[in-house]
Asker: 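So that we are looking at the same thing, I have put the structure below in structure tokens.
These numbers were taken from a predicted model, which means no experiment stands behind them. Labels below follow one simple rule: chain letters A, B, ... track the order of the sequence lines, proteins then strands, and each chain is numbered from 1. Scope of the values below: all heavy atoms of this structure, side chains included, with no hydrogens, waters or symmetry mates.
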Amino acid sequence: MSSFGFSADPLDPARYRQLLIDDACGGFVSFEGWVRNHNDNRPVVRLEYQAYEELGRKEGQRVLEEARQKFEISSALCVHRVGALEIGDMAVWVGVSAHHRDAAFKACRYIIDEIKHRVPIWKKEHYADGDSGWINC
Amino acid sequence: MSSFGFSADPLDPARYRQLLIDDACGGFVSFEGWVRNHNDNRPVVRLEYQAYEELGRKEGQRVLEEARQKFEISSALCVHRVGALEIGDMAVWVGVSAHHRDAAFKACRYIIDEIKHRVPIWKKEHYADGDSGWINC
Amino acid sequence: MIRIRVEFFAMLREHAGRANEDIETDAGTAAELYAELSGRHSFPAIGSMKVAINQEFADLDSRLADGDAVVFIPPVAGG
Amino acid sequence: MIRIRVEFFAMLREHAGRANEDIETDAGTAAELYAELSGRHSFPAIGSMKVAINQEFADLDSRLADGDAVVFIPPVAGG
């Protein structure tokens, strides 16, 4: 199983984890991206993610398929939050199960790195001073 | 915070994860070791972990402190199960939170690798054919 | 003249004041269409712009065809 | 003669048939004590044996002192 999706609701790691359980697997690695209270030393109070979901799902799915080809994994799942997020909210969850931990670690890292660089998602940060801005734009 | 411990009860990843939450952190990586239904192509039906807990806690704590010195992480936690385990049970949980994901991934990997090599824990596998054996002994 | 459906995201959506727009244009390529929209909506200069045509990544020099759905993709920032 | 408290784990515990043992011995080092116990309990040959003395890892050539707590550590297999 490999699946990429977006969620407008808070992410639910316990539920996603269940989807990856496999008696043949000895290792499971997950990554969670959390909304930090600062960025480049600037206090952040909340933020907003906007995604081009149709293309994002395709590209996210391609990333997961690449991970399955590059590493010996059993299952992989990635869910990215969209909409308004508060400090401490989970922005993205990635989980990978595999027979051996080496593949699980490498695939999980590959997936989050590629997702961040390739999937059309944008982040607007709102700062403590009232300013706000789209990151990277 | 960094802490290593043993548990005779089933591991509880949702509870451990809570202990690592930090508003300054942007990344969280966790590893779970699951009891596989096979090892070297031999069907496994259950297994048993035994630990020299007094020294194990010291050595586990040393591993976590090393991880904190080597990588820029905020918190790290590792709990290893002892006693009788069934297929699919969680044998070990490692979690790391950090400002940035690179440190979280590297520290999590470092911790599980070192724990496996250095902490005095032994595993006895029980096979489908009725045989059993202590691994590595 | 061809008819193009453009969808805006992030900073482009804020500058355009809308999520999408149906436009009749003489633009031959995605890059030419972006220049036309930039003028109309006063888009700020954004480096490394990409484009998707009909829900697939495409080259900015790609020729546009009547009925294409076009999305300009500023640098992404997921995770 | 010194008095040593030995604790057994894993395969050693199974072969000794007990979790610990108080022993009076002439062994000067941990390695000599292990040889003595191996004979008594018919321990199988185990490579890369380590030892802990008084709850810290130690060298197998370490001198033993009266009252020491000794644990022989076969190759570990956590995780």
Asker: Taking atom NZ of A/Lys123 as the centre, does the number of heavy atoms from other residues, nucleotides or ligands within less than 6.0 Å exceed 12?
Answerer: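 Enclosed: over 12 neighbouring heavy atoms sit under 6.0 Å from NZ of A/Lys123.
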
Asker: Which heavy atom of A/Ala51 sits nearest a heavy atom of C/Phe9, and at what distance?
Answerer: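 Reported closest heavy-atom pair: O-CE2, 3.2 Å.
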
Asker: Could you tell me whether C/Gln55 atom CD has more than 12 heavy atoms of other residues or ligands within 6.0 Å of it?
Answerer: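 Correct, the count exceeds 12.
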
Asker: Which atoms of A/Arg57 come close to chain C, meaning under 4.5 Å heavy atom to heavy atom: side chain ones, backbone ones, both, or neither?
Answerer: neither

Asker: Against chain C, label A/Arg81 side chain, backbone, both or neither, depending on which of its atoms sit under 4.5 Å from a heavy atom there.
Answerer: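 Neither part.
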
Asker: Between C/Pro75, C/Ala45, C/Ala52, C/Ser48, which has the largest tally of heavy atom pairs under 4.5 Å with chain A?
Answerer: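 So the answer, after comparing C/Pro75, C/Ala45, C/Ala52, C/Ser48, is C/Pro75.
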
Asker: If I measure from the heavy atoms of chain A, does C/Glu14 come under 4.5 Å with its side chain, its backbone, both, or neither?
Answerer: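 Looking at C/Glu14, just its side chain touches chain A.
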
Asker: So, A/Tyr49 side chain and C/Ala77 main chain: donor-acceptor pair closer than 3.5 Å or not?
Answerer: no

Asker: Does any backbone or side-chain atom of A/Lys124 lie under 4.5 Å from a heavy atom of chain C? Answer side chain, backbone, both or neither.
Answerer: side chain

Asker: At their closest point, which heavy atom of C/Phe57 faces which heavy atom of A/Arg62, and how far apart are they?
Answerer: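 Scanning both residues, the minimum pair turns out to be CD1-NH2, 4.2 Å.
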
Asker: Select, from A/Cys78, A/Ala91, A/Pro120, the one with the greatest count of heavy-atom pairs under 4.5 Å involving chain C.
Answerer: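 Among the listed options, the one with the most contacts to chain C is A/Pro120.
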
Asker: Using a 4.5 angstrom heavy-atom cutoff, name the option from A/Val92, A/Leu55, A/Ile115 with the most pairs to chain C.
Answerer: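 Going by pairs under 4.5 Å, I would pick A/Leu55.
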
Asker: Which pair of non-hydrogen atoms, one from A/Trp122 and one from C/Pro74, has the smallest distance, and what is that distance?
Answerer: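 Taking A/Trp122 first and C/Pro74 second, the nearest heavy atoms are NE1-O, 3.0 Å.
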
Asker: Heavy-atom distances under 4.5 Å only: say whether A/Lys58 touches chain C with side chain, backbone, both or neither.
Answerer: side chain

Asker: Looking only at heavy atoms, which two atoms of C/Glu7 and A/Tyr52 are closest? And how far apart?
Answerer: OE1-CE1, 4.3 Å

Asker: Is it the case that atom CG in A/Asp40 sees more than 12 heavy atoms from other parts of the structure closer than 6.0 Å?
Answerer: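 At most 12 heavy atoms, drawn from other residues, nucleotides or ligands, come within 6.0 Å of this atom.
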
Asker: Select one option (side chain, backbone, both, neither) describing which atoms of A/Glu32 are under 4.5 Å from chain C's heavy atoms.
Answerer: neither

Asker: Tell me, yes or no, whether the heavy-atom count around A/Arg118 atom CZ, taken from other residues, nucleotides or ligands under 6.0 Å, exceeds 12.
Answerer: yes

